[in-house]
2 protein chains.
Amino acid sequence: MRSREKLTHAMADLLWEDGYAATSPKRVLTRAGVGQGSMYHYFSGKHELAVEAIRELADQYVENSSVLDEDAPPLDRISRYLMQPRPGLRGCKVGRLTQDPQVFADDEMIGLVAGAFDVALSKWTKVIDEAIACGELPAETNSTQLAMTLASVLQGGYVLARAYRSQKPMDEAIAGAISLLNTAKSQAAASTE
Amino acid sequence: MRSREKLTHAMADLLWEDGYAATSPKRVLTRAGVGQGSMYHYFSGKHELAVEAIRELADQYVENSSVLDEDAPPLDRISRYLMQPRPGLRGCKVGRLTQDPQVFADDEMIGLVAGAFDVALSKWTKVIDEAIACGELPAETNSTQLAMTLASVLQGGYVLARAYRSQKPMDEAIAGAISLLNTAKSQAAASTE
DNA sequence: GTCTATATTTCGATAGAC
DNA sequence: GTCTATCGAAATATAGAC
């Protein structure tokens, strides 16, 4: 691996774990296993390196949402995506960054985060619209709102998991959301009879 | 106001805004308008001051959940609590702290956060159980799970609001959750007919 | 390209005057 | 109790050798 890549990977890791403020250039260098000169050769400083690292995290996040595009009944895809294994205690690679004060204050960095959510939310909206079209969800369903709700359950699940230092609250939150969706499903089925 | 209080208020403010790592004792002193000696007179250092400040934030959070205890139909209380005005861009006073690496790593600080959520979640569970008892929600509803789900929608709403630097995604997420609850309500009504 | 040495500033804490 | 002066360590960045 090239020094440049080692640096962005190390920075991405540390951003996810420790946040921007607590991640010093020195720690990045140590973890990457390169000298100080390499970093200032490729990047103008901590900020530029962080931007590159966030780009990497955002790309990974988008890749993970591909389940929503698969070829299966819409509600199945939704459940499957909701139930994907998630590291509740570490937090969402992208969502965590929104709560990082330095990231939030920086137009470029928060822009990358918003861009990642944009991609995922448009997939959510699409699959919900498909569920409505094939009668798996009530016709009155507002797909934009429901997409936000489901994305929020995941993001909020991470918050509760970290508060309790346990995966369980997050799993329960997700199970509760799936129950609500199933209730909506039977409602939709009843109204088409 | 006493110096001690000025210090804890300033620290609470800065913790909420900028997080633990980025909040230096000097900034706290400046904002509180006291000298350096005062801080080390009352507190052993930054950590002890932060613990005291988090205690303050946790108390404020718990106070805000009192709507759930009021005297009104359970689902009304739930909707009202969900629709309470919230500063999406600033984030939740308590939830934000779970994503702060230094807070998360500290037993005492994260314990205070978990304690605040405990109080709120038990209120959520109670009001949901009451809704089930009076037929406003289906009998099969798992109140623990639904409590986690609703708390997650709020916490996740803050995440989306900050990602987009807009209150709107949070409001939509909450509206979507209320729609799901209303669907469940009509389901419950139908099954008792 | 990659390294080490070093400069400058800020951090967190202590000392000691009043 | 509250203040200012100051310390030692770490953060961020630059200089310059190889």
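Chain letters run A, B, ... following the sequence lines, proteins first, then strands; residues in each count from 1.
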Item to complete: Would you mind telling me which of dG1(C), dT2(D), dA13(D) lies closest to the side-chain atoms of H41(A)?
Response: dG1(C)
Practice prompt. Determine the interplanar angle of the W124(B) and Y81(B) rings, folded into 0 to 90°, and report it as parallel if under 30°, tilted if 30 to 60°, perpendicular if over 60°.
Written response: perpendicular
Discussion item. Is the phosphate of dT14(C) approached by Y40(B) (side-chain N or O, under 4.0 Å from OP1 or OP2)?
Written reply: no
Worksheet entry | Closest to side chain of S3(B), choosing from dT12(D), dA13(C), dT2(D) | dT2(D)
Response to the item:
Here the distance between atom P of dG1(D) and atom CD of E5(B), to the nearest Å, is 14 Å
Worksheet item: Roughly how many Å is it from CE in M39(B) to C1' in dT4(D), rounded to a whole number?
Response: 16 Å
Discussion item. Taking salt bridge (Lys or Arg N to Asp or Glu O under 4.0 Å) as the definition, give me every residue that meets it alongside R31(A), ordered by chain and number, with sequence neighbours left out.
Written reply: D13(A), E17(A)
Worksheet item: Taking atom NZ of K6(B) as the centre, does the number of heavy atoms from other residues, nucleotides or ligands within less than 6.0 Å exceed 12?
Response: yes
Item to complete: Check every atom of dT12(D), dT14(C), dG1(C) against the side chain of Q36(B) and return the nucleotide holding the closest atom.
Response: dT14(C)
Discussion item. Heavy atoms within less than 4.0 Å of DNA chain C: which residues of residues 6-29 of chain A have one? Give them sorted by number.
Written reply: none
Worksheet item: Looking at the side chain of Y42(B), which of dG1(C), dC3(C), dG1(D) is the nearest nucleotide?
Response: dG1(D)
Discussion item. Would you call the rings of F117(A) and Y61(A) parallel, tilted or perpendicular, taking 30° and 60° as the class edges?
Written reply: perpendicular
Discussion item. Just to verify, what does Q36(A) make a side-chain contact (heavy atoms from CB on, under 4.5 Å) with, not counting sequence neighbours?
Written reply: L29(A), Y40(A)
Fill in: Integer-rounded Å distance: dA11(D) C1' and K46(A) NZ
8 Å
Practice prompt. Report the C-alpha separation of M11(B) and L7(B) in whole Å, then their side-chain angles, then the decisive distance to 0.1 Å, and conclude whether the side-chain contact (heavy atoms from CB on, under 4.5 Å) test is met.
Written response: CA-CA 6 Å; M11(B) 181 50 123; L7(B) 285 163; over 6 Å; no
